[in-house]
Amino acid sequence: MKFFIDTANLDEIKEANDLGILDGVTTNPSLMAKENITGKQNITKHYRDICHEVNGPVSAEVIATDYKGIIEEGEILADLHHNIVVKVPMIPEGIKAIRHFSDNGIRTNCTLIFSAGQALLAAKAGATYVSPFIGRLDDISADGIALIAQMRRIFDNYAFDTEILAASVRHPMHIIECAELGADVMTGPLKAILQLSQHPLTDKGLEQFLADYNKGNK
Ligand code: G3P
């Protein structure tokens, strides 16, 4: 499973990249705003900075919601750097745009996916990635992980090339369950990635090993 980090924070991106396990980055307008990155020029510069940091796909989201606007914006984003993947919302104009990008060799990430039907449409349009928001489904007492399982079955039935990018990941169990179900990619916060490394028995065992070493090597 590929690991993407879901942030626009360069320090967190660097920290995850330094672990040697990072395959890519996803951003969205809210994550950019959280880092106070505003204005077209600053946003463009920030995407370039992220692309220079990570050698892998970097999702950059369009703001336009009409077909022409999505195409114009997406082409500009794709030209910024070869790592850029154009993130397009799951709306009818977005589906048309994904088809256009796919036919023209521009990679896409179809975002705001909350149902298997939406995922199927995005895959048929030729999306490179589809992003089901599992945490936001859990937030409304729906089952985000069940959607990953349903999408995996559908995509496997028809051998779609589109990758399932589990998004809105909130905690380590989301990552583990997505891995068990065969999600191709997960994108989550640095905290959830680091939490995967933690176990009290690891801490206890390490403490004991070091204490025993120190006893014999005073
Ligand atoms: O990748 C999608 C993500 O940014 C949404 O996450 O935590 O805002 O639901 P969240």
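Remember, it's 1-based here, ligands and their atoms both numbered in the order they're listed.
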List below, pair by pair, the N or O atoms of ligand 1 and of the protein that are less than 3.5 Å apart, including the distance to 0.1 Å; reply 'none' if no pair qualifies.
residue: ligand 1; atom: 1 (O); partner: Asp6; partner atom: OD1; Å: 3.2
residue: ligand 1; atom: 1 (O); partner: Asp6; partner atom: OD2; Å: 3.0
residue: ligand 1; atom: 4 (O); partner: Asp6; partner atom: OD1; Å: 3.4
residue: ligand 1; atom: 4 (O); partner: Asp6; partner atom: OD2; Å: 2.6
residue: ligand 1; atom: 4 (O); partner: Asn28; partner atom: ND2; Å: 2.9
residue: ligand 1; atom: 7 (O); partner: Arg170; partner atom: NE; Å: 3.0
residue: ligand 1; atom: 8 (O); partner: Arg136; partner atom: NH2; Å: 2.8
residue: ligand 1; atom: 9 (O); partner: Arg136; partner atom: NE; Å: 2.7
residue: ligand 1; atom: 9 (O); partner: Ser168; partner atom: OG; Å: 2.7
residue: ligand 1; atom: 9 (O); partner: Arg170; partner atom: NH2; Å: 2.9

> Can you list every pair that meets side-chain hydrogen bond (donor to acceptor under 3.5 Å, both in side chains) and has a residue in residues 13-22, with sequence neighbours left out?
Replying inline: none
>> Between Glu163 and Lys2, does the salt bridge (Lys or Arg N to Asp or Glu O under 4.0 Å) criterion hold? Intermediate values first, please.
In response: CA-CA 10 Å; Glu163 295 191 32; Lys2 284 174 241 175; 2.8 Å; yes
>> Going by ring-ring contact (aromatic ring centres under 6.0 Å, His included), name the residues that satisfy it together with His174, two or more places apart in sequence or in a different chain.
In response: His171
> Would you say the side-chain atoms of Ser168 pair up with the backbone N or O of Arg136, donor to acceptor, closer than 3.5 Å?
Replying inline: yes
>> I'd like to check the side chain to side chain contact (heavy atoms under 4.5 Å, CB included) partners of Ile175; sequence neighbours left out, ordered by chain and number.
In response: Met1, Phe3, Val169, Met186, Ala192, Leu196
>> Rounded at 0.5 Å granularity, tell me how far CD in Gln150 sits from CZ in Phe155.
In response: 10.5 Å
